[in-house]
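Only this structure's heavy atoms are used, side chains among them; waters, hydrogens and symmetry mates stay out. Naming: A, B, ... by sequence-line order, numbering from 1 per chain.
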Number of protein chains: 2
Amino acid sequence: MATMHDVARLARVSVSTVSYVLTGTRPISQATRDKVLAAMAELDYQPNAMARGLASRRSRIVGLLMPMDERGLGATETAFVTGAAAAASAAGYHLVLSPVGVGDLDDLRRLASQRMLDGAVLMEVQVEDGRVAALQEAGVPLVLIGRTGDTTGLAYVDIDFEQTVRQAVEHLVGLGHRRIVYVNHSAATIAAGYGPAVRTRDAFVAAMSGHGLEPVMIPAEDSAAGGRAALTAALDQAPDLTAVLAMNENAIFGILGELAVRGLAVPHDVSVVSMVTSPQVAELATPALTAMTSPGSALGRMAVEALLRRLEDGGDDDHQRLLPCALEIRGSTGPAPRPTAAAGGGDTVPTRSGPPGT
Amino acid sequence: MATMHDVARLARVSVSTVSYVLTGTRPISQATRDKVLAAMAELDYQPNAMARGLASRRSRIVGLLMPMDERGLGATETAFVTGAAAAASAAGYHLVLSPVGVGDLDDLRRLASQRMLDGAVLMEVQVEDGRVAALQEAGVPLVLIGRTGDTTGLAYVDIDFEQTVRQAVEHLVGLGHRRIVYVNHSAATIAAGYGPAVRTRDAFVAAMSGHGLEPVMIPAEDSAAGGRAALTAALDQAPDLTAVLAMNENAIFGILGELAVRGLAVPHDVSVVSMVTSPQVAELATPALTAMTSPGSALGRMAVEALLRRLEDGGDDDHQRLLPCALEIRGSTGPAPRPTAAAGGGDTVPTRSGPPGT
DNA sequence: ACGGTTAGTCGAAACGCTTCGACAACCCCT
DNA sequence: AGGGGTTGTCGAAGCGTTTCGACTAACCGT
């Protein structure tokens, strides 16, 4: 493994000159630069990351901290990662993904104090997230994907849930739906203050009220069974529902299954919109789901770019940016089954059309 | 940020003594050790990772290299990651996930030559995988999850596809199924030599032949549409099929959708087994899928443990280990619809029972 | 013709740790 | 009593960079 000394010797210059060629911190004549670059090429020189990090006190590593639960990473999260990795790599940084859960704060603290990370991007931020404080105490610059409750002085990028929900509701209302049920994450998740769950809830209430409609909301466990239960509850509470808006990517398959069991055809009897869903998942269903596609890769890129800007400029540029999901219409939404004669809502299950199936 | 010097001064010992307390490379008296530990606690000392890495020429970082395509990480891959991370963390190593695709070999080479990784675990190994050579040239010890074509001198852990397929086939045959179709990954993937696709194909042929049955195999694109097309092709080729064995986690939802469209009930008319599938995904379907659950977290743990053993002992312990998937019976398999009167296979579509729907 | 910049280069001192050689002190055999 | 091990500690020499201060030479305006 060639070192800088070897390069310097071969190029007949001093070590510091080689360093200046590499870092560009001081002017170097073209002739010298060429000699040095030639020597580096000949020796297949690669700077030693540890030595560089020690001397410069900057590792050129940024961490992407994502809690990994057993559910796995959806395509949405993966898009974050690839977007972030691309941005980091383009800037000459390494992006390391660290599966630190919200639980192992000590692990995180250790990681941070070891000066191995120049900065960090946090995924899956909770409204009360100990990781934020831990990193701030350790002096690690950070950018969130998502938001904590109090965002003052914090840099973040997040999905614009408000606009996303509004757009989804408008799509359904535009198709004539008046009785729309929102299937959120579980009650526990909402109570825990999980940002997307809380914010979409509020946004749904606002959007429905804006249309003069009553917001019906049902929580659901993150599973197919949870989805089935939620749909049952939804039909209890609003037997005349014609559309379901679901935040819960796991529950949605249960919802679809239960609809099929009850002989309700999608989208003929009930329209379904899936929120913050990747095209890949949307296509798994039959018919493919109309969904609000999350701007995953853009979010990842923006987060890393904001972080690097703050690292290089040292500026406390409080970057706060929201991106809405894009409405992608597929086969699961259609016109409301019948003109909403009485918006008050009937108390009997209306006659449904057609045979079961799909 | 306290350094070792500070600790040494406070404890009234030399710097090297502090180091020995930390690394245990030389005996230290209990009294001294206590003094040093007390000083470390008081100063909230954390060793500087860069300095340690530079001096010891070992970063205590192992990389988990996983190509991240847009499909995202399934629960199976996520289990690899969590298993690996847990094992690394238990041994005092950091696991960094690097989303290096098979494409950016130069990126990988750079990463490797920068001496930032003590070793690497490769996921999603191709039969011809340039990353293996790149890492070997850079002198980075590695362990594969999956296998290349030629595994001599390579350490790996992998799924025992042979046994997994055999067990799945036995389950179906035990239920009376004789006409079983295997839906593999796409033809292109198989042609590219993707290990799981190739190995399951061979294993399926062997298992079916072992039972005196004809192996019918259909490739499918990794999407719901691919699954639908595959089922259509399967019914063309084997109209009397009573069971589908699917390797393709994405296609399986298309298969189920198409079965429903055709009015074939699962498991009444057709049994479905999903291979190398996580419980989470299996539960998404209605009915939940009987599946061969991959030993993801165990594989990840074993891979890291093998890697660390090789790092610490320096031993060229050619760790090669296979783990089968576990059969988990859920609702998608049942007895074959009718006794296989003539195993030769009919040439007309037999009458199917019952109404459509789940 | 002369001080004042600026461009280009060098040597040496960090950076915070590990590790090697040395050495004192002690213990155990014979 | 003297040699051979251990045990426990220290000082110093790296590890491969970056970065600071210093120096030379060329160039500027006056």
Side-chain contact, heavy-atom cut-off 4.5 Å: A:L65 with A:M123?
no

N or O in side chain of A:R52 less than 4.0 angstrom from D:dG16 OP1/OP2:
no

Atom NE2 of A:H5 and atom P of D:dT18 are separated, to the nearest Å, by 12 Å

Contact nearer the 5' end of DNA chain D, comparing A:A51 with A:R58
A:A51

Find the distance B:M50:CE to D:dG14:P and express it as a whole number of Å.
24 Å

Could you check which of D:dG16, D:dT17, D:dT9 has an atom nearest any side-chain atom of A:Y45?
D:dT17

Test item: A:L142 and A:V121 side chains (from C-beta on) under 4.5 Å apart, heavy atoms:
no

Tell me which residues in residues 8-31 of chain A lie within less than 4.0 Å of DNA chain D, going by non-hydrogen atoms.
A:S16, A:S19, A:Y20, A:T23, A:R26

B:R57 CZ to D:dT17 P: how many Å, rounded?
13 Å

Side chains of B:T148 and B:D129 only: does a donor on one sit below 3.5 Å from an acceptor on the other?
no

Closest approach of B:A51 and B:N48, non-hydrogen atoms and distance?
N-OD1, 3.0 Å

Side-chain atoms of B:T3 come closest, of C:dG16, D:dT9, D:dT17, to C:dG16

Quick one about B:H319 and B:E305 (side-chain donor to acceptor, distance below 3.5 Å, no hydrogens or angles considered), yes or no?
no

Output the rounded distance in Å from CE (A:M1) to C1' (D:dC15).
15 Å

What is the distance from CE of B:M116 to P of D:dG16, rounded to the nearest Å?
15 Å

Does a donor on one side chain and an acceptor on the other come within less than 3.5 Å for A:T32 and A:S29?
yes

What is the separation between atom CZ on A:R60 and atom P on D:dG16, rounded to the nearest whole Å?
20 Å

Indicate yes or no for a side-chain donor-acceptor contact from B:S89 to the backbone of B:A86 under 3.5 Å, with no hydrogens or angles considered.
no

Find the distance B:M4:CE to C:dT19:P and express it as a whole number of Å.
10 Å

